Undergrad: 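Following this message is one structure expressed as structure tokens.
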Amino acid sequence: MKHPEFLEQIIRFYERMRMRGVVVSFEIPERQISVNDHDLIANARRLRERGIALFIDDFGSGNNSLDLLRDEAFAGVKLDRDLVAGVTTDLLDDAFVEWIARVCSKLGLSLSAKGIKNRDLANRLQIHGVTEMQGFYLGAPVPLEEWEAAAQIALSDCG
């Protein structure tokens with residue numbers, strides 16, 4: 001994300017998808033972000049100013065978590081799959097996710113969790129305030145074209 005050409009590709013892709021009525025967001029793994037990487041942080045801010053959401057992926061897996069939350073360059077965080085998996089079995093993981101949810105809420109950040117494997121986990125995360133989830137329990141990934149076709153059918157059924 002440091003290279004201007006890549007940043008421009010992200011912006012062009014976002015604009016193409018927006019014109020198709022598809023809302024997209026982008027993720028960058030926490031382990032690839034350094035709070036001292038001023039170019040990356042500046043580019044993240046540039047995306048946010050354009051209304052393009054960039055999320056910190058695998059949040060809670062690296063050493064930057066707290067410092068990255070201090071910066072207003074990111075739209076939100078996506079919780080690390082291993083951290084999420086421990087919510088129903090490990091008191092510390094559960095407490096950490098609950099704390100992250102409170103902090104994100106106070107900062108106005110979106111909070112997403114991946115690796116949702118069952119209803120109990122989804123329910124527990126909802127109790128903590130996680131509003132976006134992904135995982136095979138909720139549905140398998142599909143190509144964009146397949147998703148668009150299904151969305152068109154669903155829209156035509158509503159009208």
Side-chain angles (χ1 to χ4, degrees), residues 1-85 97 100-117 121-122 125-126 128-159:
M1 196 159 102
K2 293 190 217 180
H3 303 288
E5 303 85 25
F6 182 64
L7 188 65
E8 290 305 317
Q9 285 179 333
I10 289 174
I11 293 168
R12 283 194 304 274
F13 177 78
Y14 174 83
E15 293 299 329
R16 279 195 318 270
M17 292 297 103
R18 192 174 74 153
M19 292 189 67
R20 294 170 87 177
V22 177
V23 177
V24 296
S25 59
F26 301 92
E27 304 166 0
I28 185 166
E30 179 185 354
R31 290 184 176 116
Q32 293 181 2
I33 307 170
S34 168
V35 292
N36 297 322
D37 188 340
H38 302 294
D39 291 336
L40 186 139
I41 299 298
N43 286 337
R45 283 192 189 117
R46 182 173 171 209
L47 290 175
R48 183 158 185 153
E49 288 166 2
R50 292 185 72 117
I52 301 172
L54 179 64
F55 290 83
I56 304 167
D57 192 21
D58 296 329
F59 187 82
S61 64
N63 298 323
N64 294 320
S65 299
L66 291 177
D67 288 331
L68 290 172
L69 288 181
R70 296 179 202 284
D71 200 304
E72 296 180 11
F74 300 97
V77 299
K78 189 176 226 183
L79 296 171
D80 178 64
R81 180 183 329 265
D82 291 335
L83 178 62
V84 168
V97 167
I100 292 169
R102 285 184 186 168
V103 169
C104 286
S105 176
K106 286 184 178 189
L107 296 175
L109 297 173
S110 176
L111 180 59
S112 179
K114 60 184 178 180
I116 308 306
K117 297 177 182 177
L121 181 56
L125 291 168
Q126 282 182 313
H128 288 328
V130 176
T131 57
E132 298 175 20
M133 298 180 208
Q134 74 180 57
F136 285 103
Y137 170 71
L138 304 168
V142 296
L144 179 61
E145 295 78 19
E146 188 178 322
W147 178 85
E148 286 178 324
Q152 286 298 327
I153 291 170
L155 287 174
S156 66
D157 288 346
C158 292

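These numbers were taken from a predicted model, which means no experiment stands behind them.
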Undergrad: So Arg16 and Met19, do their side chains get closer than 4.5 Å, heavy atoms only?
TA: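 Counting from C-beta outward, Met19 and Arg16 never come under 4.5 Å.
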Undergrad: What distance do Ser25 atom OG and Leu47 atom CG have between them, rounded to the nearest 0.5 Å?
TA: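 It is 11.5 Å, given to the nearest 0.5 Å.
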Undergrad: Looking at Glu8 and Arg46, does any basic side-chain N land under 4.0 Å from a carboxylate oxygen?
TA: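 Arg46 and Glu8: salt-bridged.
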Undergrad: Using a 4.5 Å cut-off on heavy atoms from C-beta on, say whether the side chain of Glu27 contacts that of Asp58.
TA: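 Contact flag for Asp58/Glu27 side chains = no.
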Undergrad: When you compare the side chain of Val77 with that of Glu30, does any pair of heavy atoms fall below 4.5 Å?
TA: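 A side-chain contact is absent here, since even the closest heavy-atom pair is not under 4.5 Å.
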Undergrad: Could you tell me whether the side chain of Val103 reaches within less than 4.5 Å of the side chain of Leu109, counting heavy atoms only?
TA: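 No, every pair of side-chain atoms sits at 4.5 Å or beyond.
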Undergrad: Evaluate whether atom NZ of Lys117 has more than 12 neighbouring non-hydrogen atoms of other residues, nucleotides or ligands under 6.0 angstrom away.
TA: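 Result for NZ/Lys117: open.
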Undergrad: Is there side-chain contact between Ile52 and Leu54, with at least one heavy-atom pair below 4.5 Å?
TA: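 The answer is no; the side chains never approach within 4.5 Å.
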Undergrad: Please round to the nearest 0.5 Å and tell me the distance separating atom CZ of Arg81 and atom CD1 of Ile116.
TA: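 Separation between the atoms: 9.5 Å.
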Undergrad: Can Ile100 and His128 be said to form a side chain to side chain contact (heavy atoms under 4.5 Å, CB included), step by step?
TA: CA-CA 9 Å; Ile100 292 169; His128 288 328; over 6 Å; no
Undergrad: For the CG atom of Leu83 and the NZ atom of Lys114, what is their distance to the nearest 0.5 Å?
TA: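 Between atom CG of Leu83 and atom NZ of Lys114 there are 11.0 Å.
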Undergrad: What I'd like to find out is whether the side chain of Asp80 reaches to under 4.5 Å of the side chain of Phe59, using heavy atoms alone.
TA: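 No, every pair of side-chain atoms sits at 4.5 Å or beyond.
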Undergrad: Over all heavy atoms of both residues, which pair between Met133 and Ala122 is shortest? Give the atoms and the distance, please.
TA: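 What the structure gives for the nearest pair is CE-O, 3.3 Å.
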Undergrad: Give a yes or no on this: more than 12 heavy atoms of other residues, nucleotides or ligands lie within 6.0 Å of atom OH of Tyr137.
TA: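 Yes, OH of Tyr137 has more than 12 neighbouring heavy atoms, counting only those of other groups under 6.0 Å.
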Undergrad: Nearest 0.5 Å please: distance from the OG atom of Ser112 over to the CG atom of Leu125.
TA: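 Going from the OG atom of Ser112 to the CG atom of Leu125 covers 10.0 Å.
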Undergrad: Taking the side chain as every heavy atom from C-beta outward, state whether Leu68 and Phe74 have any pair of such atoms under 4.5 Å apart.
TA: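 In contact.
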Undergrad: About how many Å separate CD1 of Ile10 and CD of Glu15, when rounded to the nearest 0.5 Å?
TA: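 Reported value, rounded in 0.5 Å steps: 12.5 Å.
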Undergrad: Rounded to the nearest 0.5 Å, what separation is found between the CZ atom of Phe55 and the CG atom of Leu111?
TA: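 Answer for the CZ-CG pair, Phe55 versus Leu111, is 9.5 Å.
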Undergrad: Can you see which heavy atom on Ala53 is nearest to which on Ala75, and at what distance?
TA: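 Minimum heavy-atom separation between Ala53 and Ala75: CB-CB, 3.7 Å.
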Undergrad: Measure the acute angle between the ring planes of Phe26 and Tyr14, then classify it against the limits of 30° and 60° as parallel, tilted or perpendicular.
TA: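 Answer is tilted, since the angle falls between 30° and 60°.
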